[in-house]
Amino acid sequence: MPGEEVNDSLEAGLPLEQPEQPTLEILRHSAAHLLAAAVTQLYPGTRYDVGPAIEDGFFYNFGMPHGMTLGPSELEAIEKKMGDLVTQKIPFERQILPKPEARKLFAEMGQDLKVAIIDRMPGEVGEVGIYRTGEFVDLCRGPHVPHTGWIKAFRILRSAGVYWRGREENEQLQRVYGTAWFDQDELEKYLHRLEEAEKRDHRRLGKELGLFHLDPTAPGMPYWLPDGFIILSELIQFSRRELRRRGYQEISTPLINESALWKTSGHWEHYQDGMFLMEGENGQTYGAKPMNCPNAMVVFNLGTRSYRDLPLRFSDTGILHRNERSGTLHGLLRVQKFQQDDAHIFIAEDQIAAEYERILEIVDHFYGVFGLTYQLRLGTRPEKYMGDIDTWEEAERILKEILLRQVGESRFTIAPGDGAFYGPKIDIIVDDAIGRSWQLGTVQLDFQIPRRFACSYVGADGAPHTPVVIHRAIYGSLERFIGILIEHFAGEFPLWIAPVQCEFVPVQDDSPEVANAIRDAMHSMQEAGIRVFQSQSAGERMQSRIRSSELRKVPYIVVIGKRDVERGDNVVTVRDTRRNSQATLPLTALTTQLVTEINERRLPGS
RNA sequence: GCCGGCGUGGCUCAGUGGUAGAGCAUCGGUUUUGUAAACCGACGGUCGUCAGUUCGAUCCUGACCGCCGGCUCCA
């Protein structure tokens with residue numbers, strides 16, 4: 001639901017055609033009007049702004065009288081009032097007015113926010129639509145349901161303070177979010193879906209499965225606990241192997257650098273707010289790195305580089321710190337400490353397209369391994385940018401061309417102003433459990449920073465040239481990537497990254513024979529590289545242990561008891577918790593099966 | 001940073017202006033069990049922090065810290 005764009009042209013103008021059957025979108029838009037009608041009735045003097053239908057619901061923004069804010073008790077009253085208006089079956093009445101007349105109407109009602117919308121409309125619009133719902137009048141193109149009685153299944157969900165027109169320097173309005181459906185059953189289903197999504201929440205699963213910890217003494221700076229660390233290191237190991245094969249060289253660089261470095265790179269001027277700064281002994285200022293790029297420039301400059309060395313690919317899985325505004329942190333998905341599978345690739349200008357192609361191939365490979373579907377997004381020149389506009393436009397043109405050629409117009413979007421301060425970028429976007437979009441990987445084109453560090457290589461012509469740099473991260477932030485993975489798999493990870501791959505449960509825990517059999521079995525699986533674990537807690541019943549393994553989402557549970565030992569054939573019964581099935585097979589066969597599943601990086605259920 | 005909400009034992013949550021409970025987990029004992037919770041008992045909290053109101057505050061007020069939902073910002 002966040003970041004919804006409100007398009008004025010949809011809000012105001014000539015009314016749209018009424019379809020034969022109202023759609024969900026129409027219903028929700030009408031619900032937004034109903035909400036505004038309720039609020040203006042309850043709180044006279046309320047100024048109303050915009051109220052569109054959004055995914056799964058609707059909202060409306062209000063300028064409340066006397067700086068009033070909307071809390072739970074107000075929301076309850078509003079929902080009740082809406083219910084009253086529903087039973088009255090008030091018709092939505094359409095009217096078309098010349099623009100000046102509409103302006104006058106809203107001005108007389110003191111609805112300055114509506115007047116502002118009219119004033120922002122393009123000059124060629126001569127007439128606008130007005131919808132009346134009893135006393136409530138809204139500037140609107142519609143269409144709407146015939147009357148308020150249609151809005152039977154709705155729920156007010158929450159309120160939020162939002163800046164008028166999304167700009168921080170503007171007045172803050174009160175936004176009320178709600179959801180609406182055609183019938184009660186669909187509403188219930190939606191609320192149920194929200195509950196299900198909550199069970200996949202990576203913060204909840206992270207705690208339940210002991211993957212990571214966020215301590216109040218280090219807000220937004222995750223601790224990786226043993227089981228979570230296994231996931232982290234498996235991902236890094238996988239990436240390392242793939243990158244080495246593709247000609248990357250790994251380096252490691254300082255976490256803290258003196259401000260001189262940041263001044264050279266431009267971070268001092270353009271990114272200081274996002275950095276943690278500290279004093280040095282002699283009064284110098286140091287900053288924890290928010291990005292690895294300046295260090296990569298230092299490494300590049302250590303030697304005389306030739307065009308024959310390019311592309312020169314330095315990967316750096318460094319830990320970064322970014323000082324975020326409080327209130328923006330969110331579990332692993334928005335943090336102040338994270339590790340990136342970062343790399344900086346130094347190339348000649350004519351190598352840009354080919355290198356991008358190679359990188360986008362890696363992206364496709366990596367995301368495919370996890371079964372993640374992603375969107376690409378081109379981020380263009382931001383307000384705070386470095387360098388000259390011509391270079392920027394050239395870079396943006398190159399990236400757009402690459403995207404058009406590689407994936408086609410339908411597979412990417414453009415986010416104006418979303419580029420890094422040193423260059424435009426192509427981002428990889430993935431959704432979380434409740435449909436919020438997050439940027440993971442990023443492939444950024446940079447003509448600026450190498451110039452600032454006076455990087456150069458000797459060209460085939462014998463003359464010095466400035467390299468172009470591609471900053472790229474495939475996972476992006478490992479923290480964020482793992483957060484997404486937790487939700488994507490609901491904690492049921494592919495075997496190759498599952499912290500515990502196989503757990504052994506004894507039927508009797510007072511039998512030395514059983515204990516020995518388990519020890520031997522575990523040993524042989526460990527030798528094959530499988531992460532095995534023995535169920536602890538003496539005195540528990542087998543059922544209780546199985547339950548506890550299931551809750552920790554252990555993929556395979558092997559139960560061994562006296563009967564198995566007496567048979568002496570090394571045949572075990574394994575429970576496949578993902579398929580909820582059981583199989584009886586020789587231990588060696590089980591080992592082979594798991595090793596194959598790990599090596600093939602098979603997805604759960606495939 | 002802004003708006004709203006929340007902050008009680010390791011976890012999930014009750015509760016009251018007279019300094020607190022439950023279940024799970026942990027620990028001890030009994031049980032030795034064949035595929036999602038055996039039974040009995042014990043330990044455990046200065047109720048986020050700091051001020052204030054009050055005879056007395058976990059409960060009321062304020063500030064701060066953290067968290068949650070949005071806004072803004074971003075990997």
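Order of the sequence lines sets the chain letters (A, B, ...), proteins ahead of strands, with each chain counted from 1.
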Taking the [atom1] atom of each, how far is [N] from [M], in whole Å?
| N | M | atom1 | value |
| --- | --- | --- | --- |
| B:U26 | B:G44 | C1' | 9 Å |
| B:G9 | B:C43 | C1' | 11 Å |
| B:A25 | B:C13 | C1' | 14 Å |
| B:C64 | B:C6 | C1' | 16 Å |
| B:U8 | B:U46 | C1' | 13 Å |
| B:U16 | B:G48 | P | 16 Å |
| B:C60 | B:A37 | P | 41 Å |
| B:A63 | B:U72 | C1' | 25 Å |

### Message
So, using side chain to side chain contact (heavy atoms under 4.5 Å, CB included) as the criterion, who are the partners of A:Thr373 when residues are at least two apart?
### Response
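Residues passing side chain to side chain contact (heavy atoms under 4.5 Å, CB included) with A:Thr373: none at all.
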### Query
What do the steps show when you test A:Gln439 against A:Lys425 for side chain to side chain contact (heavy atoms under 4.5 Å, CB included), and what is the final call?
CA-CA 12 Å; A:Gln439 174 186 337; A:Lys425 56 180 186 166; 3.5 Å; yes
Report which part of the nucleic acid [X] touches: base, sugar-phosphate, or nothing (heavy-atom distance under 4.0 Å, all strands).
| X | value |
| --- | --- |
| A:Lys337 | nothing |
| A:Val505 | nothing |
| A:Glu324 | base |

Are the side chain of [X] and the backbone of [Y] linked by a donor-acceptor contact shorter than 3.5 Å?
| X | Y | result |
| --- | --- | --- |
| A:Gln272 | A:Trp268 | yes |
| A:Asp576 | A:Tyr556 | no |
| A:Glu396 | A:Arg381 | yes |
| A:Gln508 | A:Lys562 | yes |

### Message
Check for me: is A:Trp438 stacked on B:A75 by the 5.5 Å centroid and 30° plane-angle rule?
### Response
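Given the distance and angle limits, no, they do not stack.
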Over how many whole Å does the gap from [X] atom [atom1] to [N] atom [atom2] extend?
| X | N | atom1 | atom2 | result |
| --- | --- | --- | --- | --- |
| A:Leu332 | B:C68 | CG | P | 11 Å |
| A:Leu157 | B:G5 | CG | C1' | 15 Å |
| A:Leu75 | B:C3 | CG | P | 17 Å |
| A:Asp215 | B:G7 | CG | C1' | 15 Å |
| A:Asp201 | B:C67 | CG | C1' | 12 Å |
| A:Tyr271 | B:A75 | OH | C1' | 8 Å |
| A:Asn323 | B:C73 | CG | P | 17 Å |
| A:Met68 | B:G4 | CE | C1' | 12 Å |

Could you tell me whether the phosphate oxygens of [N], OP1 or OP2, come under 4.0 Å of any side-chain nitrogen or oxygen in [X]?
| X | N | answer |
| --- | --- | --- |
| A:Arg203 | B:C68 | yes |
| A:Thr69 | B:G4 | yes |
| A:His330 | B:G69 | yes |
| A:Arg334 | B:C67 | no |
| A:Lys207 | B:G10 | no |
| A:Ser326 | B:G1 | yes |
| A:Tyr177 | B:C71 | yes |

### Task
Report the nucleotide, chosen from B:C67, B:A75, B:C73, that has the shortest atom-to-atom distance to any side-chain atom of A:Thr328.
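Nucleotide nearest to A:Thr328's side chain: B:C73.
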### Query
What's the closest nucleotide to the A:Glu168 side chain, out of B:G1, B:A75, B:G4?
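When the side chain of A:Glu168 is considered, B:G1 is the closest of B:G1, B:A75, B:G4.
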#### Entry: A:Asp342/A:Lys289 salt bridge by N-O under 4.0 Å criterion
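Result for this pair is no, no salt bridge flagged.
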### A:Gly331 vs A:Phe338, nearer the 5' end of RNA chain B by closest nucleotide
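On the 5' side of the pair lies A:Gly331.
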### Query
Closer to the 5' end of RNA chain B via nearest nucleotide, is it A:Pro216 or A:Tyr163?
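Its nearest nucleotide lies further toward 5', so the answer is A:Tyr163.
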Parallel, tilted or perpendicular: which describes the rings of [X] and [Y], with under 30° parallel and over 60° perpendicular?
| X | Y | value |
| --- | --- | --- |
| A:Phe366 | A:Phe238 | tilted |
| A:Phe489 | A:Phe493 | perpendicular |
| A:Tyr385 | A:Trp392 | perpendicular |

### Query
With distance as the sole criterion, do the side chain of A:Arg480 and the base of B:C74 form a donor-acceptor contact below 3.5 Å?
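It does, because a donor-acceptor pair links the side chain of A:Arg480 to the base of B:C74 below 3.5 Å.
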### Task
Mark up nucleotides 31-40 of chain B, 5' to 3', with B wherever a protein heavy atom is under 4.0 angstrom from a base atom, S wherever such an atom reaches only the sugar-phosphate, and - elsewhere.
BBBBBBBB--
### Task
Under the side chain to side chain contact (heavy atoms under 4.5 Å, CB included) rule, what do A:Leu376 and A:Ile428 come out as? Steps first, then yes or no, please.
CA-CA 5 Å; A:Leu376 295 178; A:Ile428 294 108; 3.7 Å; yes
### From A:Arg203, A:Lys199, A:His202, residue fulfilling side-chain hydrogen bond (donor to acceptor under 3.5 Å, both in side chains) relative to A:Glu487
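Of the listed residues A:Arg203, A:Lys199, A:His202, the side-chain hydrogen bond (donor to acceptor under 3.5 Å, both in side chains) partner of A:Glu487 is A:His202.
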### Runs of at least three consecutive pairs that involve RNA chain B, where pairs are Watson-Crick or G-U with distances under 3.5 Å
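Paired runs of 3+ in RNA chain B: B:1-7 with B:65-71, B:10-13 with B:21-24, B:26-30 with B:38-42, B:48-52 with B:60-64.
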